[in-house]
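Counting starts at 1 for both ligands and their atoms, following the listed order. Basis for what follows: all heavy atoms, side chains included, without hydrogens, waters or symmetry-related copies.
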Amino acid sequence: MTKKIFLGIISICVISMLAAIFLITAGLYGRSAEVAASEVKTNARLIASAVEQGGGVYLERTDFGKDIRVTWINSDGKVIYDSEEDPDVLENHSDREEVSKALESGEGSASRYSSTIMQKTVNHAVRLADGSVIRVSGVHSSLMAELVKVINPMLGILAAVVFFSVLAASMVSRNIVKPINDIDLAHPKIKKNYKELAPLLEKLRTQNNKVSRQMDELQSSREQFSLMTESMTEGLIITDPKLIVLACNSSALRLLGAGSFTKGQSIYALNNSDVFRHCLLNALGGRRSECILRTGNGQREVIASPANSIDMVCGLVVFIMDVTEKQELETMRREFTSNVSHELKTPLTTIYGIADMLANGMVQSGDVAEFGGNIRSEAERLINLINDIVSLSKLDEDTAPRESESVELYSLAEEVLERLSLSAEEKGVTASISGERVSLLGSRTILSEVLYNLCDNAIKYNVSGGSLSVKISHVPQRAIITVSDTGMGIPKQYIGRIFERFYRVDKSRSSRIKGTGLGLSIVKHGVIYHNGTVSVKSEEGKGTVFTVELPIEKKQHNEE
Ligand code: ADP
């Protein structure tokens, strides 16, 4: 802006200066031309009157100098006298404009311009009484010649004007721009001397207010957005079409296992796996895309949706959900179904085989009792299995009766040991109970199943002559049931898995002992139902101790 004002001022000065020079010169020239014409006219009249009185002698005797030329022409146009040339060599002058005018009307003027000498000849002719004409010519410089004469001093003046106008222009332009530069854009104030800036400052102030209002709104909606996304357990990432992350909540970082993230990074900095890339590229193609990511700490479902604007994908919205549990449950469900089918099929196949032999009369009458016993034992196994599955699915589906009665554990344990006394006797295991009477609020049926399964295992996996002891005790607010045996124990490497459904330690050893592999799952879920915990300590060849801790005041199950 300073430069423009500066150049503008200088141009105006130079143009004005040149115009002034031209106009002054032209004005002066016009004036001097008039003076020259008037001088020539006066001279012509004076000389004409002198010739009228003194005749040609006056002309011969007078020296007219170099400034004027006097010519005497008779009425035919023939030159009789000329102050500069021999009249005989001069051509007829009757066609000269001033001469023909004088011949016609007494006096005549005309001027002629010579481009070669850049001069103008001013002529005036006066007719004498005898019809002859006196013509006086004077020479006057042309405008161009006048200009050429004054050009040098004028150039000097022009240079001086340019110099001073440069100084003035730079000062003026700086002074004009300074108050504009000095405006405090954040808090524009009108200064007394610069009232012209008032509309601009007013506009600035309005704009400032508008921008600040919009910034506040933007900030508050940004805070709202971040508050909402930060409270989400799902991960949310928003990217531009080049996959540069525009927004990302902390759940996304956690679920993708990414340490930190800086704005402007590519989404691949958060996860660079082929599956993830493929999913995002599909979404960039305009289709919603899903994939399952396996990260160090679980499985994630990723849903990438394109954000479309008209026909273009202008970014991606990526949702990340933790599906570890869902996937594990799905795996468990599949395993459970296949295990159940297998466990049901085995006894049924045996029953079918024996029944087939009996039906075809292939069994001798002496063996019928033994075959019948086999069928009973396989049917028993089936019934146990089905009972276990029913108990477990009730616990699973939360359809177990919500009993909340007072259950006295010592007498419950006595009942369970009573039910198992026959099998203990058969195995040669001595069962005992100790401790104190502890009551808690809970489900008698479920607690009975928990105790039954623990004691049943303590007998089944015991050795002949071994022992089983149940102890009921309590610490503040918690009842403790300890079931210890002196049996075969559980090898260390299997301990972590014994609570899984259908898991049986070392199939060869378990195949000798009847079981479904569901007993400890029922124990685990029964204890969870009562908000308790179960732990196990075992030493191979020495025995096993299961400890169950239950809160005495059972919380309502649906309060968990
Ligand atoms: P099962 O029907 O086979 O007894 P469980 O779920 O009750 O199924 O037990 C799972 C596995 O844990 C059993 O196959 C057994 O090998 C082991 N186990 C459970 N309790 C004991 C115990 N008291 N002593 C030794 N091993 C045990």
I need the atoms of ligand 1 closer than 4.0 Å to a non-hydrogen atom of [X], numbered in the order shown.
X	value
Gly489	25 (C)
Lys460	1 (P), 2 (O), 4 (O)
Tyr503	10 (C), 11 (C)

Do the charged groups of [X] and [Y] touch, with an N to O distance under 4.0 Å?
X	Y	value
Glu330	Arg334	yes
Glu415	Arg444	yes
Glu549	Arg478	yes

When you measure from the side chain of His530 to the backbone of Ser443, do you find a donor-acceptor pair of N or O atoms at a distance under 3.5 Å? yes
Which one holds for Phe499 and ligand 1: side chain close, backbone close, both close, or neither close, with close meaning a heavy atom under 4.0 Å? neither
Counting only heavy atoms, which portion of Ile513 has something under 4.0 Å from ligand 1: side chain, backbone, both, or neither? neither
Evaluate Leu520 for polar contact with ligand 1, using N/O atom pairs at a separation under 3.5 Å. yes
Got an N/O contact under 3.5 Å between Asp485 and ligand 1? yes
Within the 4.5 Å heavy-atom criterion, are Leu409 and Ser439 side-chain neighbours or not? no
For the residue pair Tyr494 and Tyr503, categorise the inter-ring angle as parallel (less than 30°), tilted (30 to 60°) or perpendicular (more than 60°). tilted
Report yes or no: does a heavy atom of Asn453 sit under 4.0 Å from some atom of ligand 1? no
Heavy-atom distance to atom 8 (O) of ligand 1: which of Gly515, Pro491, Gly517 wins? Gly517
Filtering Leu468, Val483, Val505, Asn457 for the heavy atom nearest atom 7 (O) of ligand 1 leaves Asn457
Taking atom CG as the centre, does Asp274 end up with more than 12 heavy-atom neighbours from other residues, nucleotides or ligands that are less than 6.0 angstrom away? no
